[in-house]
There are 2 protein chains.
Amino acid sequence: MIIFSKNHTGYSKIFNITFLSSSFPFPFMHERNFFLLLSIAEKSGFSGQLDSSTVQLSRELNSSQQTISRNLKELEEHGFISRAVSPAGIRLSITDSGRKELRRALIKLQHVFEEKKPKQIKGTVKSGLGEGTYYTSLPAYQKQFEEKLGWAVFSGTLNFSTERDALDEFIHGLKMIYVEGFKTKQRTFGGIKCFKVKINDAVEGALILPDRSNIPRDEAELIARVSLRKKLSLENGSEIRISAEGIH
Amino acid sequence: MIIFSKNHTGYSKIFNITFLSSSFPFPFMHERNFFLLLSIAEKSGFSGQLDSSTVQLSRELNSSQQTISRNLKELEEHGFISRAVSPAGIRLSITDSGRKELRRALIKLQHVFEEKKPKQIKGTVKSGLGEGTYYTSLPAYQKQFEEKLGWAVFSGTLNFSTERDALDEFIHGLKMIYVEGFKTKQRTFGGIKCFKVKINDAVEGALILPDRSNIPRDEAELIARVSLRKKLSLENGSEIRISAEGIH
DNA sequence: ATTACTAAGTTCCGAGTAC
DNA sequence: TGTACTCGGAACTTAGTAA
């Protein structure tokens, strides 16, 4: 399913720790709070707890009491820390979700230093809601697909689900091809990010990610010259393999 | 040497990738630019280069062309990336300094996940400029030292130099004791962060870090009940070992 | 002592443009 | 096309307090 909502501009400052890399607007964490989370992790010993106060933390972190208070509340609201407030101060600990965010950062940095990048990902075919067919059939998009990808696209998308972090890492290593959005009197159609891939090592296609869509971060869509579903005899639940194609 | 310049408030939003952990106001990098640096590292392959444009990056990172342009300039000005602008776009690469910042983040995260923390650091005795003696002799500080550390301090500090990151990591694992600043008609005296330590496994003392001082991040001072220089027969250039003392 | 609200001040971002 | 400036408004931080 594709849901175009806005055009490219209209940035949200909120984002998940895909680290600016992906366009999903799922509001997870403000980037600025990442280092606060890291500091808490360091102080609390990761799985322990930290008894402190907003004044204490503001001194250690060179910020104001008010800002620490607000940012801790935000981290709690987003589920990254748990926070018990008492007249004596604050007891903090990192949640599983918070640990996950930190681990994501760690893995990204490790990849940078090891120059390791995933070259392929696996996915499971899902049913779309027919909207992909509609959007990919719009001439304004079709024309651009043909120009920028080098081939005319079949009117229909193959939806698949995969592992969120793997997807982020995967597309980060690929060259992005950007299909512009456009406006009609009725509504605005957003831009689409495309990444050339090979599906099941057999068929050339492109992984597409609509800008600012409401698609969860663990789903994406594929387009190709032909119907991937027919060509590769895929059904819902089929496993597919998506690999990097061409240069980077 | 101690240089007190401001009182605790007057925060700078600029900081080094000590990650909010330390109070040194050395203006290195805006936190918000860290993730941009990381993204460039991912895209450029760490030691390679990245040919792109501000528009391209703004799409990939969900920001605006103007913000990317500005932030890249900032990263360049602080020496974290090199940036060659041409009519065709921008050629970016990470500098050694940028790699260093990224590695710092990596190491911090690794420590968090491995729950490893340095328990001691080494330092080399340096000569101070006699100011330590002056400041530690001020009654307003002396009184607090006695109350908060549990002992009266000898009027004089032992300056030492050490490795910057090691120092950051070390103090992060310790409980901070905060000595408040104060004002006279003439001037303002800043707060002092204290960390109880043992010097050369023999003498109890405290590592002190004046708020917002101009001291380089690889230097600090020690105070104790007695003259450390005499007690431990130290001269300039002597190696000392500072270890965590008490709980944390 | 705390935390955290409101209002004021500051910084930051992005639209419009210049080049 | 590019990058990057100005400037108005949004977002964020902090001071002053309330609880």
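Lettering of chains follows the sequences in order, A, B, ..., and the numbering in each one begins at 1. These numbers come from the heavy atoms of this one structure, side chains and all, not from hydrogens, waters or symmetry mates. Bear in mind that the values here come from a model prediction, so they are computed numbers and not experimental data.
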To the nearest angstrom, the CD-P distance between E31(A) and dC12(D) comes to 12 Å
Task: S58(A)-Q65(A) side chain donor-acceptor pair, cut-off 3.5 Å - done: no
When rounded to whole Å, the CG to C1' distance for the pair L57(A) and dT13(D) reads 17 Å
When rounded to whole Å, the CG to C1' distance for the pair L61(A) and dT13(D) reads 15 Å
Residue set satisfying side chain to side chain donor-acceptor pair (under 3.5 Å) with S82(B), at least two apart, ordered chain then number -> S93(B)
Discussion item. Does dC12(C) have OP1 or OP2 under 4.0 Å away from a side-chain N or O of H30(B)?
Written reply: yes
Requested in this report: Verify the contact: side-chain N or O of R83(A) to OP1 or OP2 of dT2(C), cut-off strictly under 4.0 Å; return yes or no.
Outcome: no
Contact check, residues 142-149 of chain A vs DNA chain C, heavy-atom distance under 4.0 Å, returns none
- Message: If you compare every side-chain N and O of S69(A) against the phosphate oxygens of dT3(C) (OP1, OP2), does one of them come in below 4.0 Å?
- Response: no
Enumerate the protein-to-nucleotides 16-19 of chain D contacts in which both atoms are nitrogen or oxygen and the separation is below 3.5 Å.
residue	atom	partner	partner atom	Å
dG16(D)	O6	Q66(A)	NE2	3.2

Here the distance between atom C1' of dG2(D) and atom CZ of R59(B), to the nearest Å, is 13 Å
Rounded to 10°, the helix from dT2(C)-dA19(D) to dC19(C)-dG2(D) deviates from straight, judged by its five-pair end axes, by 40°
Residue set satisfying side chain to side chain contact (heavy atoms under 4.5 Å, CB included) with Q56(A), at least two apart, ordered chain then number -> S52(A), S53(A), E60(A), M176(B)
- Determine whether the side chains of H111(B) and E169(B) contain a donor N or O and an acceptor N or O closer than 3.5 Å. yes
I90(A) CD1 to dT2(C) P, in whole Å, measures 11 Å
By nearest-nucleotide position on DNA chain C, the 5'-leaning member of P87(A) and K73(A) is P87(A)
Could you check whether any side-chain heavy atom of K196(A) comes within less than 4.5 Å of a side-chain heavy atom of L149(A), counting everything from C-beta outward? yes
Just checking S53(B): base, sugar-phosphate only, or nothing, at a heavy-atom cut-off of under 4.0 Å? sugar-phosphate
Sequence neighbours excluded, the answer for side chain to side chain contact (heavy atoms under 4.5 Å, CB included) partners of T67(A) is S63(A), S64(A), R70(A), N71(A)
Residues at least two apart in sequence or cross-chain that pass side chain to side chain donor-acceptor pair (under 3.5 Å) with E146(A), listed by chain then number, are none
Exercise. OP1, OP2 of dG14(C) versus side-chain N and O of S64(B): anything below 4.0 Å?
Worked result: yes
Rounded to whole Å, CD1 of I68(B) lies from C1' of dT3(D) at a distance of 13 Å
Those residues at least two apart in sequence (or on a different chain) that pass side chain to side chain contact (heavy atoms under 4.5 Å, CB included) with K143(A) are E147(A)
Sequence neighbours excluded, the answer for side chain to side chain donor-acceptor pair (under 3.5 Å) partners of Q142(B) is S155(B)
Assess whether ring-ring contact (aromatic ring centres under 6.0 Å, His included) is satisfied between F34(A) and F35(B), documenting all intermediate values.
CA-CA 10 Å; F34(A) 175 79; F35(B) 294 106; 5.4 Å; yes
Would you say S63(A) reaches dT14(D)'s phosphate, i.e. side-chain N/O to OP1/OP2 under 4.0 Å?
yes
Applying side chain to side chain contact (heavy atoms under 4.5 Å, CB included) to E180(B) and not counting sequence neighbours gives R59(A), Q144(B), K148(B), Y178(B)
Among the nucleotides dG2(D), dT3(C), dC12(C), whichever has the atom closest to the side chain of R70(B) is dC12(C)
D51(B) atom CG is separated from dT3(D) atom P, nearest whole Å, by 12 Å
note: Y178(B), atom OH; dA1(C), atom C1'; distance rounded to Å ~ 17 Å
For S97(A), the side chain to side chain donor-acceptor pair (under 3.5 Å) test, sequence neighbours excluded, returns none
